[in-house]
Every structure is written in structure tokens, then in C-alpha cells.
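Following this message is one structure expressed as C-alpha cells.
Every heavy atom of this structure was used, including side-chain atoms; hydrogens, water molecules and symmetry mates were not. In what follows, every chain begins at residue 1, and chains take the letters A, B, ... in the order their sequences are listed.
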Protein chains: 2
Amino acid sequence: MAGDAKLAVVEAVRTAIVHGEYAPRQRLIETDLCERFGTSRFIARSALQELAGMGLVEFERNKGARVRDIPLTEAIEITEVRMLLEGLMAARAAERVTRSEAARLRGIVTDMRTAVTRSELVRYSELNGRLHAAVRDIAKHTTSDRLLRQLRDQTVRHQFSLALVPGRPAVSLPQHEAIVAAVVARDPAAAEQAMRRHLQSVIEALQSLLGQSAPRGQRRQPAQGARRTPPAEEILAAAAILS
Amino acid sequence: MAGDAKLAVVEAVRTAIVHGEYAPRQRLIETDLCERFGTSRFIARSALQELAGMGLVEFERNKGARVRDIPLTEAIEITEVRMLLEGLMAARAAERVTRSEAARLRGIVTDMRTAVTRSELVRYSELNGRLHAAVRDIAKHTTSDRLLRQLRDQTVRHQFSLALVPGRPAVSLPQHEAIVAAVVARDPAAAEQAMRRHLQSVIEALQSLLGQSAPRGQRRQPAQGARRTPPAEEILAAAAILS
DNA sequence: GCTAGCATTTTCGTTAGCAATACCACGGCA
DNA sequence: TGCCGTGGTATTGCTAACGAAAATGCTAGC
């Protein structure tokens, strides 16, 4: 497997799902994928299987693949795990950070500040992603890295919902600043704690969302057809605030 | 996919790898698997892909699948993550444990004690697995559960090596006792800390193993043919002491 | 007008087979 | 004698096609 063709399809479908082009529980018909990505059914199938392994799609016997719907409760669980792993990453980064890496982190965070003052959410998003990637690079913990990637992919959608609650940017930026400060100060314990506090606040936000949005039993979505395609830009801005 | 046929093959190959019937870096020829498990090549192929997703086998372009060799350094990383996740599980279990579940835990731990005094390692192994499974059941954290299963599968082999260092059973049992005590006392913080201490000692044991076993560059294994098939019993005993 | 049952159609699960590629042994040449 | 090129073999990567299951739509009966 792992033919480059398959890998390309996996990546394409992955970003499509993460960016919301495919809605949760939407069926992923193999032949559709074939014509969209110009490959054979076998490739599409393999790609879907790999995505299933990543937890992004699910199979049902004789009914094919659909985009996995991650319920809010599971998103909370995932964020709890993320809190632990990202905390570990932050601590590691604090232990190993070099001078040049520290400078890089500081540069990113000052850019974030200006982006926030100018209300440039997309720019902030990009910087945020770059910051976290930098922390992961510094930590060099491949196991956590791999797991975190999976977990992040699964929760992007809910981060989008969360971005709509007002006032979150105001709390997000100082938390990020605290994380970077601890890392560049080479204080592992403080870095871990800062990262945990950050994600703890995300968990609490998700829990409040849970309380208000699901008063009674599972309200099922239409389940087929992209019910809405939020622009990627919007999604990115959402991810910025919370990750 | 997820045809029951494929699932059976996945499970069979998984246990074969975990029990050491397939050595690390041993090639997994598709046709061999076909005749061994009496399925078609397509099924074998799908199963291998799923196992690759679980991190147990790896693919190389045009060279097929082999059992992934988890280097000791990666095993340490994995155990670090396990420490966090199992700690979370323990805390959760302490929050949610019911009377009957607590009784069950206590029963298992007393059985463990007697098994140790009688030097019944296999029995201890079985009880140990049951204990951890019980904790996971009580915690009801499906995300951590899923991740932990993957991580455990990947490290069983190294736990085998570790079981050979003398004196470990003496430290393992009291640690388990402490964990159970904290859980039944409904003290989440203590349960988490006890579990972490336990896995921290495993990490330290692994690190000492690292220091003594790899004086110079990667010493590569013969790489094909099961170079040795340790009896499953031995493996289970090893897993007992450390997990 | 509505429901139950049947036929059709879509889509998936599986098998068989072909083409491409890497590994291995052998022989020629320096 | 040692090294490089070459051919054969084994194994994978992939395509095409077939059979089976489920969803859908239609017709007939109530």
C-alpha cells in the first residue's frame, strides 16, 4: 500500500473532512471519490480504510463508509487526553528548547499579539498553528505527536462551534503567552501547567456547550449531502482561537 | 471492509505479533498469511493495512509489510504517554467506582498477593490484566481506552525484556496495591499519583535497560525468519510484572 | 389513499489475474 | 579473486470484473 497515489487521496479526503467539506455522517461513496480524485476504486477503498484507522471515517457492513460524527461528549474526552499530551509536549519543549528556538517562539507570540489587536483572526489562526507546531518540533516526542495529530483532526469541527462563543479570544491569547513564557524560561513544570490550564478552559467551554445544546435525546442530522459548507477561512479562524 | 473475515485475521495476526510468534522486522508475506488463515489475498492485505494503522506493522513501497520494530527509545516514549493516560483512567475510576466494582478490585488484588507468594507468575499475569481491564471498565473513558490498547500492544515485547531484570515483582505488587487502595478509597488524586509512580518505575527500568544494552549503534537483527519463538506463557508472565 | 410486497438499481465485498518492481544468483570482466 | 552487470524468480501494486447485500421505487391489493 502506501502507494503515493493512495497517500495523496488520504490527504485530500482528510483535509476535506477537517475543513468541513464533508459533513458528519455523510456517506462517502467509493465511486464518487474515484471520479473526484481520478483514481481507481481500490485506491479509494484503501484510503477510506486508512482514514477509518485514523478515526475520521467509520464503516458499516454492506453500507460503506461515512464521515464519523464525533459527539460532543467524545470531543470532551479527546480534549482531556489532549490536555495531558500537550502538557507533556510543553514540558519537554521547556527542557530542550535552544536559544534560536526560543527566539522563534517569542517572534510568533508577538505576531499573535498584533494579530489579535488588529482582529485578524485568520492571521492569528495561522500563527497559532505555527506556534503549536513549533512546540511539537522542539519537544521531539514522536509518539505524542502522532497521537495528537489524530486527536486534533477529530475535534476541529467542535472547535468551530466553540469559536462562536463570545469572549474566548480574550482568554486564549494570554494563555498562549503564558505557555511560551514558561517554555522560553526553560521551566518544564510551569509550561506543562500553563498548557493544561489552557486546555482545561477549552474543556469547560465545551461542557457549557454540552449543557445548553442537548436538552433532550440525540437530535440527528439530515445525514446526507453536505448540509452546509462553511468556508475554510472561518474554520481556520475557529481553530486558531482554541488550539 | 470490516467484514468479519478480515476482523478475524486482524485479531489473529495481532495476537501472533504480540505473543512474539512473529519477530520484529520479520516480513509478513501476503500469500503466507493467506494459507495460514485460509483467506484470500485481499483480506490479508486489508488486515495488514489495519494493523499498520494500529502501529504494529509497517509498509515499505514495493516491499510489502513487516512487523514494526519498536526501538527501546520509542518504547520509553510510549510508556511516558501510558503513564499519563493510565493515570487519567485511575483518577476517573476513583471518581466513578461503585461498591460492587470496589469489591471486585479488592478481590483481584488479594488474589494477586497470593499468586505472588506462591510465585505463580502466569496466574499473576492473568490477574494483572484483569485488574487493569477492570480499572478501564470503571473509568469509562473510551478515547483513552482505545489509545491505551494500541500503546500496550506496541510495548509488550519490551515488557518481556524487562521481566528478566531481577527484583521487579517485589516492586510491582505494592504499586498495584497502592493503586487499588486509592481507587476504592475514591481518592482520584491519590489513584492518579499511584498509577504514575508505577509507570514511572517502569520507565526508569527501561532507561536502565537502554543504558546497558546499546553501547554502540543500532545492532540490527537477522531480520527474517522467526529468530526465536518464546512460549506465550513466558510472555504473559513478563506482561504481568510490568503492566 | 395507504400499506405491503416485489423488482430494480445502486453500492459494496470479494475473487481472480496482470503488470511492475525489488531481491537473488549466476556469469563475465578487470 | 573481487566486482559489476544481467537474467530469473518471487512478491507486491493495481485493475477489472463478478456476486451479494441493501436501499429505493413501483405496483398491486386493501
Side-chain angles (χ1 to χ4, degrees), chain A residues 1-13 16-17 22-54 56-69 220-227, chain B residues 1-13 16-17 22-54 56-69 220-227:
Chain A
M1 313 285 91
D4 39 5
K6 173 190 153 187
L7 216 64
V9 175
V10 168
E11 207 46 37
V13 176
I17 292 176
Y22 289 123
R25 298 197 59 79
Q26 177 176 352
R27 290 189 55 190
L28 296 173
I29 312 285
E30 296 179 355
T31 56
D32 291 358
L33 270 62
C34 290
E35 75 175 70
R36 171 163 178 181
F37 298 108
T39 58
S40 76
R41 231 187 91 204
F42 181 87
I43 301 291
R45 200 178 180 67
S46 296
L48 287 176
Q49 270 193 63
E50 181 152 338
L51 289 165
M54 296 165 55
L56 282 179
V57 315
E58 62 188 351
F59 278 89
E60 211 171 339
R61 172 83 182 181
N62 288 327
K63 289 174 74 175
R66 23 178 35 124
V67 179
R68 195 160 87 90
D69 181 32
R220 192 149 299 289
Q221 303 289 2
Q224 81 264 23
R227 66 178 178 226
Chain B
M1 321 284 84
D4 37 9
K6 172 191 153 187
L7 215 65
V9 175
V10 168
E11 207 46 36
V13 176
I17 292 175
Y22 289 124
R25 297 198 61 77
Q26 177 176 351
R27 288 191 56 189
L28 297 173
I29 313 286
E30 296 178 358
T31 56
D32 292 356
L33 270 63
C34 291
E35 75 175 70
R36 171 164 178 180
F37 299 108
T39 58
S40 77
R41 232 187 88 204
F42 181 86
I43 300 291
R45 203 178 178 67
S46 295
L48 286 176
Q49 270 193 64
E50 182 154 335
L51 288 164
M54 296 165 55
L56 283 180
V57 315
E58 62 187 351
F59 277 89
E60 211 171 341
R61 171 85 181 177
N62 287 328
K63 289 175 72 176
R66 26 178 31 129
V67 179
R68 195 160 86 91
D69 181 32
R220 192 149 302 286
Q221 303 289 3
Q224 82 264 20
R227 65 175 180 232

Check: Is B:Arg61 near enough to D:dC14 that one of its side-chain N or O atoms lies under 4.0 angstrom from OP1 or OP2?
Finding: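 Answer is yes, contact under 4.0 Å.
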
Item checked: Gap between atoms CD1 and C1', on B:Ile29 and C:dC23 respectively (whole Å) ->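 Nearest whole value for this atom pair: 11 Å.
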
Check: Would you say the side chain of A:Leu28 lies within less than 4.5 Å of the side chain of A:Asp32, judging by non-hydrogen atoms?
Finding: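 With C-beta onward as the side chain, the pair stays apart.
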
Check: Any side-chain heavy-atom pair from A:Leu51 and A:Val10 closer than 4.5 angstrom?
Finding: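 Of all side-chain heavy-atom pairs linking A:Val10 with A:Leu51, at least one is under 4.5 Å.
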
Item checked: Nearest-angstrom distance from the residue atom CD of B:Glu30 to P of C:dA16 -> 15 Å

Check: Within a strict 4.5 Å, meaning less than it, do heavy atoms of the A:Arg25 and A:Glu58 side chains meet?
Finding: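 A side-chain contact exists here, since the closest heavy-atom pair is under 4.5 Å.
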
Notebook entry, point to check: Taking atom P of C:dG17 as reference, at what distance in whole Å does atom CZ of A:Phe42 sit?
Noted result: 17 Å

Notebook entry, point to check: Which atoms form the tightest heavy-atom contact between B:Ala65 and B:Leu48, and what is the distance?
Noted result: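 Minimum heavy-atom separation between B:Ala65 and B:Leu48: CB-CD1, 3.9 Å.
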
Item checked: Length of the line joining A:Glu60:CD and C:dG13:C1', which is rounded to integer Å -> 15 Å

Notebook entry, point to check: What is the nucleic acid contact for A:Leu48, judged by heavy atoms within less than 4.0 Å: base, sugar-phosphate only, or nothing?
Noted result: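 Nothing, no nucleic acid heavy atom in range.
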
Item checked: Nucleotide of C:dG13, D:dT12, C:dT14 approaching B:Ile43 most closely (side-chain heavy atoms) -> C:dT14

Margin query: Does C:dG13 have OP1 or OP2 under 4.0 Å away from a side-chain N or O of A:Arg45?
Written below: yes

Item checked: Closest listed nucleotide, where the reference is the side chain of B:Arg41 and the choices are D:dA21, D:dA17, D:dT12 -> D:dT12

Item checked: Short side-chain N/O contact to D:dC14 OP1/OP2 from A:Ser40, under 4.0 Å ->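 A:Ser40 to D:dC14 OP1/OP2: no side-chain N or O under 4.0 Å.
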
Margin query: Just verifying a value: how many Å separate B:Leu7 CG and B:Glu50 CD, rounded to the nearest 0.5 Å?
Written below: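 Spacing of CG (B:Leu7) from CD (B:Glu50) equals 6.5 Å.
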
Next item on the list: Starting from C1' on C:dT14, measure out to CZ on B:Phe37 and report it in whole angstrom.
Entry: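 Atom CZ in B:Phe37 sits about 19 Å away from atom C1' in C:dT14.
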
Next item on the list: Tell me which nucleotide among C:dT21, D:dT15, D:dT12 gets nearest to the side chain of B:Arg27.
Entry: D:dT12

Notebook entry, point to check: To the nearest angstrom, how far is B:Glu58 atom CD from D:dT12 atom P?
Noted result: 15 Å

Next item on the list: Please report, rounded to the nearest Å, how far the P atom of C:dT11 is from the CZ atom of A:Phe59.
Entry: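 Atom-to-atom, A:Phe59 to C:dT11, this comes out as 15 Å.
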
Checklist line | Phosphate-side-chain proximity, A:Lys63 and D:dA23, N/O vs OP1/OP2 below 4.0 Å | finding: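 Answer is yes, contact under 4.0 Å.
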
Item checked: d(CG, A:Asn62; P, C:dT9) in whole Å ->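 Roughly 20 Å, once rounded to whole Å.
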
